[in-house]
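Structure, as C-alpha cells:
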Amino acid sequence: MKVISAPADTNIFGAGLKDGTSIALGYMPAAITFGFIAQTTSLSIIETMLMSLLVFAGAAQYMALSLLAVGTGALEIIFTTFIVNIRHFLMSASLNEKAIPDSPWKKAGYAFGITDEVFAVTSMKQGTISSMYIYGVFLISYISWVLFSGLGHTVGELLPDTLQQSMTFALYALFIALLAPALQKQRKIIFLAGLAAVLNSLFTQIIAEGWSIILATLISAMVLEFMEPAARNENVEAEHERTEES
C-alpha cells in the first residue's frame with residue numbers, strides 16, 4: 001500500500017507546485033520591493049529574510065516596516081500585525097471544510113502558509129483537496145517570497161546612500177497603490193481610510209504612534225460595521241415604500 005500511495009502523494013504535491021507557480025511569479029516584484037524598503041528602513045538582510053520566513057504576510061510585513069520607520073515598539077507592531085492578519089482565521093476555517101481530514105500537525109503546518117493568494121488558488125480547486133496539494137501551492141510561494149525578499153535587500157544595498165535615503169517614500173507610495181483599486185470599487189473604503197487617518201492624527205497627540213494606529217483602525221472598523229446595517233435597512237425600507245406606491 002505504501003508503494004502505491006507514495007507516487008500518488010508525489011503527483012498531488014507536484015500539482016500543487018504547478019498551480020502555485022503563478023503565485024510565486026506574482027510574489028517576485030512585491031517581495032523585491034519589500035526587501036528594498038526593508039533595507040532603507042535599516043533592517044539587515046538576515047532580519048529581512050527572517051521576517052519573511054517567520055511572518056510570511058505581505059501586508060503585515062509592509063505595515064511592520066512603516067511602524068519600525070517611526071520607532072514603534074515591538075508590542076504595538078505585534079498587535080497591529082495580529083489585526084491585519086485576523087482574516088486568516090476565516091480563510092483557514094473555510095479551507096479546513098474543503099480539505100481532506102488529516103493530522104492536526106499537518107493542518108497547522110499549511111495553515112501558516114495560507115495567504116490571500118494561496119487561499120484563492122486552493123479554495124477554487126474543484127472537489128476536495130489534500131494536505132499535499134496545499135503544501136505544494138504554499139511552499140513554492142513561500143520560497144519565492146523569502147528568496148526575493150533577500151534579493152530586494154541586496155539590490156537596495158548596491159544603490160548609493162543618497163538614493164537609498166530618498167527612496168523611503170516608496171513605502172507610502174506602495175500603500176497608496178494598494179488602496180487605490182479598493183477606493184474605485186467601494187466608497188465605504190474611502191470613508192474607512194479617511195476616518196482612520198483623522199483619528200490617527202488626533203490620537204498621536206496623546207498616545208504613542210503605534211497604539212494610535214491600532215486604536216484608529218479598530219474604531220474606524222467598528223463605526224463602519226455599525227453604519228452598514230443601518231444603511232442597508234434604510235435601503236430596504238425605501239425599496240419597500242416604492243413597491244407599495246407602485
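Predicted, not measured: the structure shown is a model, and the values here were computed from it.
The CD1 atom of I23 lies 10.5 Å from the CG atom of D116; values are rounded to the nearest 0.5 Å. The OH atom of Y133 sits 10.0 Å away from atom CG of L17, with the distance rounded to the nearest 0.5 Å. Once rounded to the nearest 0.5 Å, the distance linking CD1 of I12 with CD1 of I100 reads 7.0 Å.
Counting heavy atoms from C-beta outward, L25 and M28 have side chains that approach closer than 4.5 Å. Counting heavy atoms from C-beta outward, T48 and Q39 have side chains that stay 4.5 Å or more apart. The closest side-chain heavy-atom distance from Y27 to V146 is not below 4.5 Å. The shortest distance between side-chain heavy atoms of E76 and L67 does not fall below 4.5 Å. In this structure the side chain of L53 reaches within 4.5 angstrom of the side chain of Y142, judged on heavy atoms. The shortest side-chain heavy-atom distance between Y62 and T33 falls under the 4.5 Å cut-off. Side-chain contact between F34 and L65 is present, with heavy atoms from C-beta onward closer than 4.5 Å.
Side chain of S94 to main chain of L90: no donor-acceptor pair is present (N/O by atom type, distance under 3.5 Å, no hydrogens or angles). Under a 3.5 Å cut-off, the side chain of H153 and the backbone N or O of M49 do not form any donor-acceptor pair. Within the 3.5 Å criterion, the main-chain N or O of I134 finds no donor-acceptor partner in the side chain of K125. Using modelled atom types, one side-chain atom of Q61 and one backbone atom of A57 make a donor-acceptor pair closer than 3.5 Å. The backbone N or O of I140 lies less than 3.5 Å from no partner atom in the side chain of S144, so there is not a single donor-acceptor pair.
The aromatic rings of F112 and F138 sit perpendicular to each other, their planes meeting at more than 60°, with 30° as the lower class boundary.
The same ILVMFWY cluster, assembled from side-chain heavy atoms under 4.5 Å apart, contains both L139 and L50.
No hydrogens or angles considered: nothing links the side chains of Y110 and T122 as a donor-acceptor pair under 3.5 Å.
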